[in-house]
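Everything on this sheet refers to the single structure shown next.
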There are 2 protein chains.
Amino acid sequence: MLELAILGFLHERPLHGYDLRGRVAALTGHVRPIADGTLYPAIKRMEAKGWLERKTQPGSAAAPRHMLHLRPAGEQELLRRLREPEELDVSDENRWFVLLAFLRHLRDPEAQAGVLRRRLAFLELPSSFFYEDGRPVRAENVDDPFRQGLLTIARATSEAELHWLRTTLTDLGG
Amino acid sequence: MLELAILGFLHERPLHGYDLRGRVAALTGHVRPIADGTLYPAIKRMEAKGWLERKTQPGSAAAPRHMLHLRPAGEQELLRRLREPEELDVSDENRWFVLLAFLRHLRDPEAQAGVLRRRLAFLELPSSFFYEDGRPVRAENVDDPFRQGLLTIARATSEAELHWLRTTLTDLGG
DNA sequence: CCGTGATACCTCGGAGCCGATATATATTGC
DNA sequence: GCAATATATATCGGCTCCGAGGTATCACGG
């Protein structure tokens with residue numbers, strides 16, 4: 001998730017780590033900002049894979065800045081991840097949101113529509129039930145008010161997204 | 001997250017690992033079911049902490065079942081986690097959903113209301129903006145349609161939950 | 001002059017989870 | 001009779017992430 005965000009931001013312009021830190025936090029919005037112990041190792045990892053290049057700029061600020069540039073292999077990786085995402089999965093909304101935030105980098109509208117269609121397929125999948133007091137209970141028949149709330153919220157989310165997906169797909173000519 | 005679910009389920013009745021596996025998957029609904037390599041180590045961990053006790057039942061099924069019983073320390077841990085949750089954080093919806101699914105185990109309505117109030121406080125926090133082409137842009141002024149979609153979905157979710165929280169708090173007499 | 005906070009980077013240990021792999025029996029369908 | 005599927009448990013390596021800690025410099029207010 002973090003790697004996708006880094007690739008996306010660096011596709012727009014070279015940045016240094018501390019700047020990335022703020023942008024990633026802003027991107028994920030309310031989400032807890034990523035820790036330094038997450039960010040800097042990620043940068044190192046991605047450098048080692050040849051996706052990033054570091055160009056040190058002395059002076060300017062308090063500490064020396066290591067400007068990070070996206071290398072061609074990094075751009076390829078970004079486009080690959082946007083095209084063939086493993087982040088469509090409903091299990092982690094944040095992953096999908098980060099993907100969505102950078103989907104425009106996939107210039108081709110048809111490719112973009114393809115991603116949305118695959119997300120749609122995931123969302124249109126079943127179906128929920130609970131185990132209440134040991135027996136499976138259909139969502140409609142759930143007794144507990146807190147679980148009813150859970151379902152209400154989940155449904156509202158899913159409906160909002162389905163609606164958006166369908167209208168956007170129409171706009172894209174999909 | 002998994003630990004909370006296990007504690008919650010075992011608070012209802014003793015279960016064996018394979019059963020838990022199915023229930024956790026059903027609980028989180030559409031979410032990718034947890035891997036065996038996640039579940040069984042978690043059980044071991046929780047046993048070691050004294051929260052769980054294993055009672056082997058030979059015979060019945062194909063393989064011998066290890067029935068898991070919640071020990072008093074486990075119940076205390078469950079109630080503690082429900083009362084003083086670290087899962088209110090908006091960053092991981094699943095954590096919050098799992099908490100909600102077991103909030104009824106905290107019998108006291110005032111304690112339940114307290115949890116909802118704290119969640120409310122998190123949701124009512126700011127405020128989102130993006131970095132678009134290098135500059136911070138307020139959510140209202142975001143240009144990219146995919147990011148607009150992201151905001152639409154996030155807002156719908158948050159509004160649905162806020163509405164539910166407020167009406168439920170009224171019901172609870174909070 | 002000193003403390004605080006922002007800027008800027010880094011490392012280490014540990015937690016939690018995943019995928020792959022292994023093992024073995026019972027049931028169901030062909 | 002045999003293959004697939006369900007039941008049931010477990011381990012291993014690897015990955016991402018977090019929290020805590022460490023190192024500097026610079027700007028600003030008291």
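Worth saying up front: this structure is predicted, and the values here are computed from it rather than measured.
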Nearest-Å distance, CE (B:Met1) to C1' (C:dA15)?
-> 15 Å

For A:Arg83, enumerate each residue passing the salt bridge (charged side-chain N to carboxylate O under 4.0 Å, His left out) test, keeping only those at least two apart in sequence or located in another chain.
-> none

Rounded to whole Å, the CG-C1' distance (A:Leu20 to C:dT7) equals 15 Å

Nucleotide C:dC17, atom C1' - distance to CG of B:Leu4 in whole Å = 17 Å

For B:His66, enumerate each residue passing the side chain to side chain contact (heavy atoms under 4.5 Å, CB included) test, keeping only those at least two apart in sequence or located in another chain.
-> B:Arg54, B:Thr56

Atom pair distance, as rounded to whole Å: CZ in A:Arg45 and C1' in D:dC15 | 8 Å

Test side chain to side chain contact (heavy atoms under 4.5 Å, CB included) applied to A:Pro41 - qualifying residues, sequence neighbours left out = none

Whole angstrom is fine here: how far is it from NZ in B:Lys49 over to C1' in C:dG14?
-> 12 Å

Residues in side chain to side chain contact (heavy atoms under 4.5 Å, CB included) contact with A:Glu75, at least two apart in sequence or another chain | A:His11, A:Leu70, A:Leu79

Nearest-angstrom distance from the residue atom CZ of B:Arg95 to C1' of C:dC17 = 11 Å

If you measure from the Lys or Arg side-chain nitrogens to the Asp or Glu carboxylate oxygens, is any gap between B:Glu77 and B:Lys49 under 4.0 Å?
-> no

When the C1' atoms of the five terminal pairs at each end define the local axes, what inter-axis angle does the helix from C:dC1-D:dG30 to C:dC30-D:dG1 show, to 10 degrees?
-> 30°

Parallel, tilted or perpendicular: rings of A:Phe102 and A:His105 (30°, 60°) | tilted

What is the distance from NZ of B:Lys55 to C1' of D:dT9, rounded to the nearest Å?
-> 20 Å

List for me each residue that meets salt bridge (charged side-chain N to carboxylate O under 4.0 Å, His left out) alongside B:Arg45, sequence neighbours excluded, and say none if there are none.
-> B:Glu3

For A:Leu39 and C:dC12, what is the distance between atoms CG and C1' respectively, to the nearest whole Å?
-> 17 Å

Output all residues satisfying side chain to side chain contact (heavy atoms under 4.5 Å, CB included) with A:Ala35, sequence neighbours left out; order by chain, then residue number.
-> A:Thr38

Residues in side-chain hydrogen bond (donor to acceptor under 3.5 Å, both in side chains) contact with A:Arg21, at least two apart in sequence or another chain | A:Asp36

Which part of the nucleic acid, if any, lies within contact of A:Arg21, taking any heavy atom under 4.0 Å across all strands shown: a base, the sugar-phosphate backbone alone, or nothing?
-> nothing

Do any N or O atoms of the protein come closer than 3.5 Å to N or O atoms of nucleotides 9-11 of chain C, and which pairs are they?
residue	atom	partner	partner atom	Å
C:dC9	OP1	A:His66	N	2.8
C:dC9	OP2	A:Gly17	N	3.3
C:dC9	OP2	A:Tyr18	N	2.7
C:dC9	OP2	A:Tyr40	OH	3.3
C:dC9	N4	A:Asp36	OD2	3.3
C:dC10	OP1	A:Arg54	NH1	2.7
C:dT11	OP1	A:Lys44	NZ	3.1

